[in-house]
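So the structure is just underneath, and the comments pick up after that.
Order of the sequence lines sets the chain letters (A, B, ...), proteins ahead of strands, with each chain counted from 1.
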2 protein chains.
Amino acid sequence: MKILHHPDRADIHLSSVLYALSDPVRLFILSELRKHQERSCGDFDVPVAKSTLSHHTRTLRESGVVNVRSLGTQRLISIRTDDLEIRFPGLLTSILDAYENSDEKQQMLLGLEQ
Amino acid sequence: MKILHHPDRADIHLSSVLYALSDPVRLFILSELRKHQERSCGDFDVPVAKSTLSHHTRTLRESGVVNVRSLGTQRLISIRTDDLEIRFPGLLTSILDAYENSDEKQQMLLGLEQ
DNA sequence: TCTATTGTTCGATTATGATCGAACTTTAGA
DNA sequence: TCTAAAGTTCGATCATAATCGAACAATAGA
């Protein structure tokens, strides 16, 4: 089984986290994760190909935003809440609250245009 | 004199703001603006060409993060604090606080690598 | 009016990344 | 042992953007 690299907490960089969260699909994934704690890739109802979704989860993992663990054939994804809170207090909450109060989710589901 | 387009408050999108703030040079500019209220382009001591700096300020303006006004030959830049606070409460503060407590500024000044 | 200052725009280059389908890997279960 | 399910990787394409220097525009001041 492949080893999935996760950066140490000290190696999580603000600009990388902000970049990871600047994509509508990845913002959607994060907001789903906040609601459901842990999800597999297949649980995300996003309008992209399987390989594209895999790319996005990798981006989130390598930036230090999420943890990924294997369970059978699945990959279970969760937010690195504690690490992020210690490193960047309040950041994730303000971003996801802002996301929930915006219409970015609808925009993404309706077509990804703009 | 050229008209500088600024998006309306309602047209400021979270993903665009996060993207604008995911660059080390632009994060540095924002942190300087928080300290000094209003600055001209020339005030920023960043290791990039003049045309590149102009590009960065444009990215910040078009994403809705900053306001730019002309004064003589200068362009005075300031953060759209009120608009951002209304649209995304607490977001900018948590991002800039995180930035100040990180070493991203040093990393940027030392070479932009990584 | 001439010149220096300040910043923008343009064209080119280079790098990154979002996307897809196809092929592959791993595991669970029949 | 097969097969189906769940993801990853690969190769290709396409778009965006970071960067620079050179040329340009606008303004202030001598």
Within this structure, what is the CD-to-P distance between A:Glu62 and D:dT9, rounded to whole angstrom?
-> 9 Å

Selected nucleotide, minimal atom distance to B:Thr57 side chain, candidates D:dA18, D:dT8, C:dT8 = C:dT8

Please figure out whether A:Thr59 or A:Gly72 has its closest DNA chain C nucleotide nearer the 5' end.
-> A:Thr59

Separation of C:dG7 P from B:Ile29 CD1 (nearest whole Å) = 12 Å

Specify the separation, in whole Å, of atom CD1 of A:Ile3 and atom C1' of D:dG7.
-> 17 Å

Figure out the NE2/P separation between B:His5 and C:dT9, and round it to whole Å.
-> 14 Å

Is the shortest side-chain N/O distance from A:Tyr19 to OP1 or OP2 of D:dA18 below 4.0 Å?
-> no

Same hydrophobic cluster for A:Leu76 and A:Val46, using side-chain heavy-atom links shorter than 4.5 Å among ILVMFWY?
-> no

Nearest-angstrom distance from the residue atom CZ of A:Arg69 to P of D:dT8 | 15 Å

B:His55 NE2 to C:dT8 P, in whole Å, measures 12 Å

Looking only at side chains, do A:Ser94 and B:Ser94 share a donor and an acceptor under 3.5 Å apart?
-> yes

Nucleotide nearest B:Arg58 when distance is taken to its side chain, options D:dA6, D:dT19, C:dT9 = C:dT9

Among C:dC20, D:dG7, C:dT6, find the nucleotide with the atom closest to the side chain of A:Val48.
-> C:dC20

Please check if B:Val65 and B:Leu53 belong to a single hydrophobic cluster, counting links between Ile, Leu, Val, Met, Phe, Trp and Tyr side chain heavy atoms closer than 4.5 Å.
-> yes

Hey, is the side chain of B:His56 poking within less than 4.0 Å of OP1 or OP2 on D:dT19, counting only N and O atoms?
-> yes

Nucleotide nearest A:Arg75 (side chain, heavy atoms from C-beta), chosen from C:dA18, C:dT9, D:dG7 = D:dG7

Where each residue is assigned the nucleotide of DNA chain C containing its nearest heavy atom, which of B:Asp43 and A:Leu71 is assigned the position nearer the 5′ end?
-> B:Asp43

Nearest-0.5 Å distance that lies between atom CD in B:Gln74 and atom CD in B:Glu38 | 10.0 Å

Considering only side-chain heavy atoms of A:Thr73, which listed nucleotide, D:dA18, D:dA6, C:dT8, is closest?
-> D:dA6

For the pair made of CE in B:Met108 and P in D:dT19, what is the distance, rounded to whole Å?
-> 10 Å

Is any side-chain nitrogen or oxygen of A:Ser54 closer than 4.0 Å to OP1 or OP2 of D:dT8?
-> yes

Whole-Å gap separating P (C:dG17) and CG (B:Leu18) | 16 Å

Spell out yes or no: do the side chain of B:Ser51 and the base of D:dG21 have one donor N/O and one acceptor N/O closer than 3.5 Å?
-> yes

Only residue of A:Leu84, A:Leu60, A:Ile29 satisfying side chain to side chain contact (heavy atoms under 4.5 Å, CB included) with A:Ile79 is A:Leu84

Selection from D:dT19, C:dT26, D:dG7 that lies nearest to any side-chain heavy atom of A:Lys50 = D:dG7

